[in-house]
Structure formats: C-alpha cells, structure tokens
Peer 1: 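Take this structure first; my questions come after.
This is a predicted model, so every value here is computed, not measured.
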Protein chains: 4
Amino acid sequence: MPNPLPQDPPDRQSRQDSQDPAATRARQRLPADVRNRQILDAALAVFSERGFEAARMDDIAARAGLSKGGLYAHFRSKDEIFEALLRRALSPSDLDLAALRAASPDMRHFAEAFVNRLYDDLMRPDALAVQRLLVAEGARIPHLTAQWQHDTVEALVAQLKRVLARCVAEGNCRAGVATRHPWLLLAPVAYQVLWQLVFGKADDAALQSRRREHIALVRELLA
Amino acid sequence: MPNPLPQDPPDRQSRQDSQDPAATRARQRLPADVRNRQILDAALAVFSERGFEAARMDDIAARAGLSKGGLYAHFRSKDEIFEALLRRALSPSDLDLAALRAASPDMRHFAEAFVNRLYDDLMRPDALAVQRLLVAEGARIPHLTAQWQHDTVEALVAQLKRVLARCVAEGNCRAGVATRHPWLLLAPVAYQVLWQLVFGKADDAALQSRRREHIALVRELLA
Amino acid sequence: MPNPLPQDPPDRQSRQDSQDPAATRARQRLPADVRNRQILDAALAVFSERGFEAARMDDIAARAGLSKGGLYAHFRSKDEIFEALLRRALSPSDLDLAALRAASPDMRHFAEAFVNRLYDDLMRPDALAVQRLLVAEGARIPHLTAQWQHDTVEALVAQLKRVLARCVAEGNCRAGVATRHPWLLLAPVAYQVLWQLVFGKADDAALQSRRREHIALVRELLA
Amino acid sequence: MPNPLPQDPPDRQSRQDSQDPAATRARQRLPADVRNRQILDAALAVFSERGFEAARMDDIAARAGLSKGGLYAHFRSKDEIFEALLRRALSPSDLDLAALRAASPDMRHFAEAFVNRLYDDLMRPDALAVQRLLVAEGARIPHLTAQWQHDTVEALVAQLKRVLARCVAEGNCRAGVATRHPWLLLAPVAYQVLWQLVFGKADDAALQSRRREHIALVRELLA
DNA sequence: TATGAATGAGGCTTCATTCAT
DNA sequence: AATGAATGAAGCCTCATTCAT
C-alpha cells in the first residue's frame, strides 16, 4: 500500500545541528500540544500504512521524533493514540452548503464548487488515510464512526437535500431522482475514493478528468 | 467490526451426532481440496473480521475444523493462505453484459437487471469481506489487485461502454455523460459498498431502497 | 559442515522404473534388515551433518527412501535410531595388533602397517561422522561411550603396550617414553581427526603426508 | 554430556542479600558491555552443554540473569549470540613462543613451559567447551573457523617451526621428525582434548600424568 | 509395512508496556 | 518529559509422534 502520507519523519539527528552545547545534549522538550500533533500525524501515517496491529509503537515514535517510552508521557496506550487520532480526524466538517449555494449565482457554478469541495475534502492523502483506517479498523471506535455518520455524513446529505429542494422551488433545478435522493450526487466521489483505496495512486490528470465528469453528471441531473 | 461472514464455523463436535463411538474419536482425514476450501473459507472470515496481522492462525484452524499445526500441511504460511484466499476471491468475473442486454428487451429492464447483478455481486457478505481486505491489506498482494483491476474492473467498464454505444446507435438510449463515462453508472454501488464497509450493516429495507434509487438513476440518465 | 557422507540417498522414483505394473504401484517392502541398514546409514549422515536436535525425521526418512511414518515401523523413536546407530558404529574393533606384528617382520614395517590401519579406521568419512557424533552428542549414550572406551580404545592401548613390551624384550625396539606410554604413538591421528572435525576436508595429498610423518615419528621413537 | 562449565549461573535472588528492600525489587539495568559479557558467558555454557539447536534461549537468559525477551535488546537472534560467542572465543591467541624460548634457558625447560602453556590454553573447561562447539557446530561460522585456523593454529605451528629451527642451528636441539614436522609435538594435547570431549572428565591426577608424559616426549624428541 | 494428514507441545521472536535513570 | 533496557505475554511455525487408510 503506497504510503499516502509523504511528510518526512522529523530527523532525530537534526537536534544536534544546534550550536548550543546545552541544547545539544538536552532532550527535546516540546510544548505538549506540539508533541501531541506530531504524534498523531505520525500515528496516522503508520496506522494507515500498516493497520492497527502491525503498526509498532517504535515506528510511531521514530516518525514523531521521540523514543518509544516517550510516547507514554503523552498517551497511555496504543489504543488511546488510535482513538485520539480518529477523534481529531473525524471532527465535524464545517461545510456549509447553503453558504456555498449563496455564493454561487447559478446552478452550474454551484455544481462545480460543490464537487470541488468534495474532492478537496475526501481525496487528500491524509483524508484517504483516514478513510482507509475507517474501513480497516473502524470496529475499534464504533462510537466515533457512529457519531461521524450522524454529524457529518448524514448531515451533509440532509443539507444537500434542503439546498436542492429550495433550488427546485426556485425553478433553478429540475426535479428528478437526484433531487429526491441526493446521495446519488455524492456517489462518484465514493467510487473514486474506493478506487484509490484499492488500487493506489491514479495520476493527477486522470483524477481531474473524473472530477470534471462528476461535475458534468451533477449538471445534467439538475439542469 | 461486524463480522460480515455469518456462516457458522464447522462445529467440531457436531460430527459426534453419530452413534458410532469409534467415529467420535476418529481424526478427520479429508480430501485435500475439501480441506483447502474449508481453510480458505475460514481464513476469509477471520482475515476480514480482524485484518491480516490480528488474525490468529488458531482462529482460522478452529473455524476450519482442524488444529493449528494441521494448517501447515496445506499452506506453508499465513501469507500463503492470504494470497490463496485472494487469488480465489479475485478470479475473473463471468459477467457478460452483452448477453444481459440481449436478454433484456427494453432499456428499463436492462437497467434493472444490470444494477441487480452489481448488487448481487458486490454487496454479498463475502464480497464485502473481500473488499474490506482489498482496502486494508491490498498492499500485500499488489500483483493480484493489479490483475483484478485490469481483468475485471476495467473490463466491466469497457463492456458497459460497448453495450451503451450500441444502445445509443440503436436509438434506445439517450447519449449523455453516462454513455460517455459509464463509470458514473457504477458509482452508486461504490457508495453503498463504502457505506457498508465503514458503517456496518444497514438494514435490508434500506438497501433495497438504495438499489431501486440506483436503478431509477440509470433509467433517468439513459432514457 | 561439509557432509562427510557422500553416499547418495536412494532415489525414491527409481522404483517406478520397474516394468511390473503391480510393483509400480506397490509400496516398497524390503526385508527388515535391509531397511534397517538403509535407515541407520541415512541417520548417520543426517545426525552427523546437523546434530541430533536439528536432524529431522523427515530428512532421515527421505534419505533412507521411505516416508516419515515408515520409520516408525522400524524404530520406535528418534532416540532409538540414534542409539541403534551408535551401537552399530561402536561395535568392538577386530584390530589384532599381535597378529599385525606377527605379519610384520621388522619394526619399521610394523610401524607403517599399524599407522595405516589407524588412519584407515579413523579417518574414513563415516568414521569421522561417528566421532563428530561422539563429541557433539555423546552425552545421550553414556553407556555406549563408556563401553567403547573400555572395549576398544583402552583395549587398543593395552594391546599396543603388550606388543611393544615384547618388542623391547626381543631387542627390536628401543625402550623410551613411547614404549612406556604408548598412547603417545596414537596421538598424531587424534590431531588429524580433530583437525578434520574442526576444519573440514583437507586434501588427500596433505593427509598422506601427515600419515607418513606419523609413521616416521613412530619409527624414530622405537628405533 | 557433562557440563564442562562449572561456573554458577548468577543467582537472581542472591542480590537480595542487600538489606535495601527497594533494591530487592529493582530491575537490573546494567552497562551494555557487562550484560554482553554475562550473556556470552551464559551462552557458552548452554551451547556447549546442549549444542546449538537444543540450547534454549530461556536457559541462556536465566543463566545470564535476565528474561528471554531481554536478550533481544543485546543480540538480534540466537545465531547472532552464537557468532558473537565464537568471535570472542576465537580471538587470536597472544602466545609468543620466541619470548617463551628466550625466557627458558635450556631446552628441557622450554619443553615444559611450552607444553604447560598448551594444556593451560586448551584444557580449561571453557576452552574445551569452545572446542566442542567447533566440532559440533563449526559449520555455522565457517568464516570464523577459517580465520582461527589461519591466525592461530597455523600461526602457532609456524612459530614453533621457527623456534625449533633456531634451536637446531644453535646446537641445542637434535634435528629429527619433530623439528621438521612440529605439529607432531602438539599431537598429544589433541589426543587429550579429544579424550575429554568424548569421554568427559578424567581425574586431575591422570591429566597431570599425561601432561608429564607429553613433556617427556618433547624432550626425548628434541634432546 | 508404508503413507502422509493431523496433532500438540514447545521454541524463537516480537512488541506493548513499565520503570530506573 | 524523555530514554531505552527489561519484562512477559502471545503468535507463528516446526517437528516428533500417531493413526486412519
């Protein structure tokens, strides 16, 4: 599985570059929240690349720039890191479709803005990493997935339904399957996500084409 | 993660229903291909439920009705079981869209037959189990996923494209985004698959509705 | 460790060469003593090459031309094979130094005959294999080594002492350390044996030279 | 096989003689090189007693005073311990025969000093343990045995040859087989070593006699 | 006798977690 | 807070032995 998180592990030797001899010898003591973020970033990479069981605390530690034992100053266990990681990753989205619609004079423009937003949110490497984790290890955090389903995924469909209803009422959208069952408008991203998760990286050009085709579909269904 | 494979593990005691006390104690010596199938069935269940690393050879053995050591008379390692499992699961599909189209007088009927076939192929519990493995552990068998992508997934889209082209040529289908980019017609199943993989089992009624909505979409796009 | 036992494992396919269709299918049922010898030969090779623990019943069986289970028709356990093997290998030598002396008119001739006999007995590949086993695994069969020490090794030194005493009495040998402590006359073979066991095969030419030097030593000590 | 290494395993409880109850419970965290030495000492005992395969990591760990897992903080595998062990044991000897000769006014004295040194080097329990390993498991470390053969064994014979040549030149030694083929002067130790390896411990008195007989042989050959 | 699938005990190794420093 | 040696609980795999055929 290609590692979808290309950020470099912090170089453990780079501390030594400092000219300060005290700092050279001193252990790196960073503010807790910075360390926390480093650890969760590292954990996302490792968990997604290897899965929960195969991920080793050593790997996470190394990528986060500290030692295995050091992790335990910040998290009590591997499970706790995993949960914290997904809690952060699944924090409710701030996508406001009504605002997006308001900002988009005509429907064709909205279709584009909307689909672009979907791809930007879901097809980024770290978003794909999270989705891989949800598929592979979601059973470890049923409360979080359930909450995310309710607060984010279903909320998005509900928002979309309201926006489309108003669009139809205003005579700007054609009523049809898509306005009655708006999830169908999201389906193509799901197809792309699944493709990426199973087959790994498609080239960017192909992704752009698929995105444009998705936009065209939305336009055709709502025009 | 809800176990998507409800079939019971062969109960090792259930053989003892026999009245023959000798048979009660007898070791099972089965033909190699039968054992093979039992083992791969068991492995699919366990791997999909837990992932590769967390899967225990003990569990697979118990589910297959033999001892841990016994597995090694049939497969040389956990990895080999995994690969054999996916090799079997990803054997090329025999879906023949042209035949399906021929059997379906009108386009509306074809849409239904086609979508039903998709759901029957992809939403069965064991098919979902395989797809979960592809997402979670596909990196272990890149050659198999690549071959499956080429032989099955892309072949399906190509078939679909040919069928739709003829349909358009015959005047039975409307040309549109969907006929130009047939993957869009598949996207809703992907959405459903991803939903199942992430959120676990939706009730059957809901699934039926989504399937019907998918059919309606296809009809609207091709009518 | 180079395998000091070059004899080929019996080819398991060679049974099929028979034109007799019955025999072709029939399992090879050999006279018990033939099988026995095959098994012990195979066992000597495998035990010496790998040591007792690392030797696998499968390997012994394969080299003996039957299946693992088949071994158990002839021996009850791995230990039993090992003991039978050493019992056979350590059966008392028939070396008769008095006869050798009688056959050797002068002392110089006796020295040569005697040393040659030592090398022929102790430096053959299978004799070295046995000696390796005695060093590596002798603790498994203390009764056999003790008996061999008494019946063969010390008996040889005692024989030699008697022969040399008579030789001195006859005025054919010079009295000296060697006639008082005849083990010193044997020591050079021990050196060669140890060398072979530790460093593996020396070339034949080198061995011949060492043997001649040994003879020269004996002559110098007794002349 | 009689354990040739009588040193006691460090008793993990014996530290508790301390009156400090805190120390009683404390984990031992020793300097790496100390642990290293403890482990290799333990390994020599266990490997020599049982052979490589039959040696248990558990036993080595217990004898070294830590847990099985703890071994792996210092060595990556059983093989690595074995190699490190022999690398240490086979480090080139510092025996300097020329110096020994210089320190020994007459030849008779040199013979004694030289033979004593041989026995002190080769007949100590741990030296015998190493030699047993070389015979039983030398195939695992062919590079080390080859190097030892060259750097130590053959170097010794070469040194001896030079010393004897000068001794002859000075008129202090009689020229003979032994001065031409000095390995013959070493042979009696080989006999003793092989005897010990095969028959286990002879009593000390017997060993002393054999040593004196060896010295007498050397004197007789060189006088 | 011979076969080889099956068993079950046990070994090497890994790794989350702890803790002395 | 940080380190890393140490622990101890598994897990994968091997292999002597058994036994149905």
Peer 1: What integer distance in Å separates D/Phe82:CZ from E/dT13:C1'?
Peer 2: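 Rounded to the whole Å, the gap is 19 Å.
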Peer 1: Taking CZ from C/Phe75 and C1' from E/dA2, how many angstroms apart are they, rounded to a whole number?
Peer 2: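 Rounded to whole Å, this separation is 16 Å.
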Peer 1: Among E/dT3, F/dA6, F/dA2, which nucleotide sits nearest the side chain of C/Leu66?
Peer 2: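 Looking only at heavy atoms from C-beta outward on C/Leu66, the closest nucleotide is E/dT3.
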Peer 1: How long is the gap from CG on B/Leu44 to CD1 on B/Ile39, to the nearest 0.5 Å?
Peer 2: 14.0 Å
Peer 1: Hey, what do you get for CG (B/Leu133) to CZ (B/Phe52), rounding to the nearest 0.5 Å?
Peer 2: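 The distance works out to 10.5 Å.
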Peer 1: Provide, to the nearest angstrom, the distance between the CD1 atom belonging to A/Ile60 and the C1' atom belonging to F/dT3.
Peer 2: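 Checked: the CD1 to C1' distance equals 18 Å.
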Peer 1: My understanding is that only residues two or more places apart in sequence, or in another chain, count here; which of them pass ring-ring contact (aromatic ring centres under 6.0 Å, His included) with D/Phe75?
Peer 2: none
Peer 1: What is the distance from CG of D/Leu30 to P of F/dG4, rounded to the nearest Å?
Peer 2: 17 Å
Peer 1: Between F/dT3 and D/Arg29, is there an OP1 or OP2 to side-chain N/O distance shorter than 4.0 Å?
Peer 2: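 Answer no for this pair, as no side-chain N or O of D/Arg29 is under 4.0 Å from OP1 or OP2.
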Peer 1: Could you check which of F/dA1, E/dT1, E/dG8 has an atom nearest any side-chain atom of B/Ser67?
Peer 2: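 My answer, after comparing the listed nucleotides, is E/dG8.
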Peer 1: Between F/dA6 atom C1' and D/Ile39 atom CD1, what is the distance in whole Å?
Peer 2: 11 Å
Peer 1: For the pair made of CG in A/Asp59 and P in E/dT14, what is the distance, rounded to whole Å?
Peer 2: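 Computing the A/Asp59:CG to E/dT14:P distance gives 13 Å.
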Peer 1: Expressed as a whole number of angstroms, how long is the span from C/Leu71:CG to E/dA2:P?
Peer 2: 10 Å
Peer 1: Do you know which two heavy atoms are closest between C/Leu85 and C/Leu40, and how far apart they sit?
Peer 2: CD1-O, 3.6 Å
Peer 1: For DNA chain E, produce a single dot-bracket line, 5' to 3'. Pairs: Watson-Crick or G-U wobble, both distances under 3.5 Å. Symbols: ( ) within strand, [ ] crossing, | other strand, . unpaired.
Peer 2: .||||||||||||||||||||
Peer 1: Are side-chain heavy atoms of D/Phe47 and D/Glu137 found at a separation under 4.5 Å?
Peer 2: no
Peer 1: I need the C/Gln38 CD to C/His74 NE2 distance, nearest 0.5 Å.
Peer 2: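 Spacing of CD (C/Gln38) from NE2 (C/His74) equals 9.0 Å.
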Peer 1: Quick one: salt bridge (Lys or Arg N to Asp or Glu O under 4.0 Å) partners of B/Lys78, sequence neighbours excluded?
Peer 2: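 In terms of salt bridge (Lys or Arg N to Asp or Glu O under 4.0 Å), with neighbours along the sequence ignored, B/Lys78 is linked to no residue.
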Peer 1: Rounded to whole Å, please give me the gap between CG in C/Asp33 and P in E/dT1.
Peer 2: 10 Å
Peer 1: Can you sort out the partners of B/Glu80 under salt bridge (Lys or Arg N to Asp or Glu O under 4.0 Å), two or more places apart, ordered by chain and number?
Peer 2: B/Arg76
Peer 1: Encode nucleotides 11-16 of chain F as B, S and - characters from 5' to 3', where the letter depends on protein heavy atoms closer than 4.0 Å: B to the base, S only to sugar-phosphate, - to neither.
Peer 2: SBBBSB
Peer 1: Identify all side-chain donor-acceptor contacts of residues 55-62 of chain B below 3.5 Å with residues at least two apart in sequence or on another chain.
Peer 2:
{"residue": "B/Arg56", "atom": "NH1", "partner": "B/Glu53", "partner atom": "O", "Å": "3.1"}
{"residue": "B/Asp59", "atom": "OD2", "partner": "B/Arg50", "partner atom": "NH2", "Å": "3.0"}

Peer 1: Could you tell me how far E/dT1 sits from F/dT21 if I compare only their C1' atoms? Round to whole Å.
Peer 2: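 It works out to 13 Å between them.
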